[in-house]
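Just so it is clear, the values below take in all heavy atoms, side chains as well, and ignore hydrogens, waters and symmetry mates.
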Amino acid sequence: MDFNLPEDLREVQGTVRAFMLDVVEPRAHEIEATNSVPPELLRGAADLGLFGLSIPEEYGGVGLSALGRCAAYEALGQGHMGFGGVISAHASIGTSGLVRLGTEEQKRRFLPRMATGECVAGFAITEPSSGSDAANIRTRAEKRGDVYVLNGTKHYISNAPIAGLLTVIAVTDPAQGTRGMSAFLVEPQRTPGVSIGKIDEKMGQKGALSAEVIFQDAEIPAANLLGPEHLGYREALGILTNGRVGIAARSTGAMQRLLDLSVAHAQTREQFGQPIGEFQAVQFMLAEMEIAIQTSRLLWQKVAWMVDQGQDVRRMASVAKYHATEMLSQVADRAVQVAGGMGYMKDSPVERYYRDQRLLRIYEGTSEIQKLIIARSLLA
Ligand SMILES: Cc1cc2nc3c(=O)[nH]c(=O)nc-3n(C[C@H](O)[C@H](O)[C@H](O)COP(=O)(O)OP(=O)(O)OC[C@H]3O[C@@H](n4cnc5c(N)ncnc54)[C@H](O)[C@@H]3O)c2cc1C
């Protein structure tokens, strides 16, 4: 077994990390103050190929393996988490369904523009009355001739306010439960009857905008059905499973940044005539952070490798997501503690991470849902 990432993937990581730390991070205050990502940062991300991480080269993307994508996500996690959220919602859950299930015509129509960031993508399953209970969504897609007519409301949809394309899950046969749902490619900016509601005011991850998406007799061409009719729920679970590995990797990157900041602070901040890193209480917090990082990294690497081997990762993706996101919350808390009062101040990246990371235990399946998936798979 070789636990080293291949040289080319380490290079990818180095490039993304440098972009996040040297280009995005200096603009973090601006993103926080305006709740928007400066367009030139998005263009910079596009130039690096971040919008095309999961898009095959033949459609203009970088076409990385799961291991490669997750290596990039770990580096993405080391910078502003709102910025990382925009990219990952696009490159992960926004794109993976189309890459996996799309017809040649659908891929040619959308993927090249998605790879350049011209068309930002998102994924919509959650509704006001069904979050964890995604099997009970109500958005209805009724077939009428060569269109499906969509009615219903999705909420908390990442990237919705800027999205050129959304993968939307809707009910096509109410009598069949989860076997009566389908996935659709919806262009919200171009489709009459689709509107974006008020932008959510969130605790953190500023710049990563989410909102309601409302469908009122919205006619979606039948050619935009993604994958087989009525099998959309199964496909949605597949999209979310893949996304979870990426979240584990992003969490690992965020923990690494928090540890780096904490070590630097422990070496330079003096109290009682010595660096606080000399105190065992502080050393133990640093050690706990390192343990969290090492275990989380091994998990995402293993699951990404399993994806590349074509293995079923449903259980392990949940193991990796649960572990890394729960660990990240602990690490963020420790990082505030090591920083002391400074860690509670708005101009400290530690304070920002403390807020931003909280979302990762909630979206793409809460921690409780990850444990349900793991337990059900053990008992099956
Ligand atoms: C900022 C943000 C961005 C998001 N982006 C997207 C997106 O792009 N696309 C999208 O489709 N969705 C998105 N979501 C939605 C997200 O996936 C849901 O919020 C999440 O799945 C939880 O659903 P809920 O909020 O309805 O909480 P609920 O399902 O109401 O859960 C509330 C609590 O009850 C617990 N719970 C629920 N059921 C069970 C059970 N069976 N056993 C034990 N505990 C249970 C949960 O774990 C949680 O602690 C986003 C959410 C946020 C906040």
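The stretch residues 75-103 participates, sequence neighbours left out, in these salt bridge (Lys or Arg N to Asp or Glu O under 4.0 Å) pairs: Arg100-Glu235.
Using a cut-off of 4.0 Å between Lys/Arg side-chain N and Asp/Glu carboxylate O, Arg355 and Glu32 are scored as salt-bridged. Here Lys321 does not pair with Glu364 in a salt bridge; the nearest charged N to carboxylate O distance is not below 4.0 Å. Between Glu104 and Lys107 there is no salt bridge, since no side-chain N of the basic residue sits under 4.0 Å from a carboxylate O of the acidic one.
Side-chain atoms of Asp173 do not come within 3.5 Å of backbone N or O of Gly180 as any donor-acceptor pair. A side-chain donor-acceptor contact under 3.5 Å links Ser182 to the backbone of His230. Not a single donor-acceptor pair under 3.5 Å links the side chain of Ser92 to the backbone N or O of Ala89. At least one donor-acceptor pair under 3.5 Å links the side chain of Gln189 to the backbone N or O of Ala163. For the pair Gln283 (side chain) and Gly277 (backbone), a donor-acceptor distance under 3.5 Å is present. The backbone N or O of Ala75 lies less than 3.5 Å from no partner atom in the side chain of Arg17, so there is not a single donor-acceptor pair. Side-chain atoms of Asn159 do not come within 3.5 Å of backbone N or O of Val120 as any donor-acceptor pair. Side chain of Thr252 to main chain of Ala248: a donor-acceptor pair is present (N/O by atom type, distance under 3.5 Å, no hydrogens or angles). Side-chain N or O atoms of Gln78 include none that pairs as donor or acceptor with a backbone N or O of Arg257 at under 3.5 Å.
Between the side chains of Glu290 and Gln294, at least one donor N or O sits under 3.5 Å from an acceptor N or O. No side-chain donor-acceptor contact under 3.5 Å links Arg334 and Ser262. Residues Ser329 and Gln357 bring a donor and an acceptor atom of their side chains to less than 3.5 Å of each other.
Remark: Arg314 CZ is loosely packed, at most 12 non-hydrogen atoms of other residues, nucleotides or ligands lying under 6.0 Å away. The 12-atom threshold is not exceeded at CD of Gln337, counting heavy atoms of other residues, nucleotides or ligands nearer than 6.0 Å. Applying the 6.0 Å contact sphere to CZ of Phe279 captures more than 12 heavy atoms from other residues, nucleotides or ligands. The environment of Glu40 atom CD is dense: over 12 non-hydrogen atoms of other residues, nucleotides or ligands sit within 6.0 angstrom. Dense packing is recorded around NZ of Lys202, with more than 12 heavy atoms of other residues, nucleotides or ligands lying under 6.0 Å away. In Tyr354, the OH atom is not crowded: 12 or fewer heavy atoms of neighbouring residues, nucleotides or ligands sit closer than 6.0 Å. Annotation: Glu187, atom CD; neighbour count of heavy atoms from other residues, nucleotides and ligands within 6.0 Å is above 12. Open room surrounds CZ on Arg376; 12 or fewer heavy atoms of other groups in view lie less than 6.0 Å from it.
Leu378 meets the side-chain contact (heavy atoms from CB on, under 4.5 Å) test with Arg315, Ile374; sequence neighbours excluded. For Phe215, there are no ring pair (Phe, Tyr, Trp, His ring centres under 6.0 Å) partners at least two apart in sequence or on another chain. Take Phe51 and apply the ring pair (Phe, Tyr, Trp, His ring centres under 6.0 Å) test, not counting sequence neighbours, and it matches His90. Looking at residues two or more places apart in sequence or on another chain, you find a side-chain contact (heavy atoms from CB on, under 4.5 Å) between Ala292 and Met255, Met327, Val331.
Contact record, Ile196 with Pro161: CG2-CA, 4.1 Å, taken as the closest heavy-atom pair. Considering every non-hydrogen atom in both Leu258 and Ala332, the closest pair reads CD1-CA, 3.8 Å. Of all the heavy atoms in Val16 and Ala72, the pair that sits closest is CG1-O, 3.9 Å. Of all heavy-atom pairs spanning Pro38 and Glu30, the tightest one is CG-OE2, 3.6 Å. Ser88 and Arg250 get closest at one heavy-atom pair: OG-NH1, 3.1 Å. Contact between Asp217 and Asn151 at its shortest, heavy atoms only, is N-OD1, 2.7 Å.
With rounding to the nearest 0.5 angstrom, the CD atom of Gln205 is 10.5 Å from the OH atom of Tyr353.
No path of Ile, Leu, Val, Met, Phe, Trp and Tyr side chains, each step under 4.5 Å between heavy atoms, connects Met20 with Ile247, placing them in separate hydrophobic clusters.
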Identify each donor-acceptor pair in which a side-chain atom of residues 136-143 lies under 3.5 Å from a protein atom, sequence neighbours left out, and give them as a table.
from, atom 1, to, atom 2, distance (Å)
Asn136, ND2, Asp133, OD1, 3.4
Asn136, ND2, Asp133, OD2, 2.7
Thr139, OG1, Glu127, OE2, 2.7
Arg140, NH1, Val171, O, 3.3
Arg140, NH1, Thr172, O, 3.3

Walk me through it: do Ser367 and Glu326 pass the test side chain to side chain donor-acceptor pair (under 3.5 Å)? CA-CA 8 Å; Ser367 287; Glu326 291 286 328; 2.6 Å; yes
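At least one side-chain heavy atom of Val86 sits under 4.5 Å from a side-chain heavy atom of Ile162.
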